[in-house]
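Here the structure comes first, spelled out in structure tokens, and everything after it is commentary.
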Amino acid sequence: MFNIVLLEPEIPANTGNIGRTCVAAGARLHLIEPMGFQISEKQVKRAGLDYWDKLDVTVYDSYRDFMEKNPAVKIYMATTKARKIYTEAAFEEDCYIMFGKESRGIPEEILVENEENTIRIPMYEDIRSLNLGNSVAVVLYEALRQQGFAHLNTKGDLHRLSWAADQ
């Protein structure tokens, strides 16, 4: 199981969408306060649809609290400042993948301390960043691909699809 960490997320719909992605991928979600919303807000749950109650989510008071409760874990940090592309990382099962707040990303002092574990998604130079939910999905599904999509349904049912088309 992979762990997605959102450091001080600001937009409730992004967090709801990421929660839904985590449920679909069998990942845990870790939220680090302060957040720009209350986790109980309708916008979070609306974006997460009816999956929110299935989400394995933990909330931390601060980055320090997160680090104290998760000592010695392997953390990859997604940032536009990284030199290494996310596909160059060898994601281990149970690793943590951290994303920063929508407006500023992960603070530079944290990135400097963890430079060897920073990763980026390639994009045109003039683009500041991707949407947070999209970034999480891109990196998480690469980690899952590297693990052979273990425990995920990888086969569709064309019989059901052709039956539905006949109706």
Quiz: residues 120-130 side-chain donor-acceptor pairs under 3.5 angstrom, not counting sequence neighbours:
residue : atom : partner : partner atom : Å
Arg120  : NH1  : Thr80   : O            : 2.1

| said: Tell me if the CD atom of Glu68 is crowded by more than 12 foreign heavy atoms within 6.0 Å. | reply: yes

| said: Between Phe91 and Tyr76 (judged by ring centroids, cut-off 6.0 Å), do the two rings come close enough to count as a pair? | reply: yes

| query | Sub-3.5 Å donor-acceptor pair from the side chain of Gln146 to the main-chain atoms of Ala89, do we have one? | reply | yes

| task | Spell out, as yes or no, whether a donor-acceptor pair under 3.5 Å connects the side chain of Asn17 to the backbone of Ala13. | result | no

Anything under 3.5 Å between a donor and an acceptor, one on a side chain of residues 3-11, the other on a protein residue two or more places apart or in another chain? List them.
residue : atom : partner : partner atom : Å
Asn3    : OD1  : Arg28   : NH1          : 3.3
Asn3    : OD1  : His30   : NE2          : 2.9
Asn3    : ND2  : Asp94   : O            : 3.3
Asn3    : ND2  : Cys95   : O            : 3.3
Glu8    : OE1  : Lys101  : NZ           : 3.1
Glu10   : OE1  : Glu102  : N            : 3.3
Glu10   : OE1  : Ser103  : N            : 2.8
Glu10   : OE1  : Ser103  : OG           : 3.0
Glu10   : OE2  : Ser103  : OG           : 2.8

| Between Glu88 (side chain) and Ile85 (backbone), is there a donor-acceptor pair under 3.5 Å? | yes

| said: Between Glu116 and Lys84 (salt bridge meaning N to carboxylate O under 4.0 Å), is one present in this structure? | reply: no

| query | Roughly how far apart are Met98 CE and Leu111 CG, rounded to 0.5 Å? | reply | 9.5 Å

| said: Donor-acceptor check, side chain of Asn131 to backbone of Asn134, threshold 3.5 angstrom: yes or no? | reply: yes

| said: So Tyr96 and Asn70, do their side chains get closer than 4.5 Å, heavy atoms only? | reply: yes

| query | Are side-chain heavy atoms of Asp61 and Glu33 found at a separation under 4.5 Å? | reply | yes

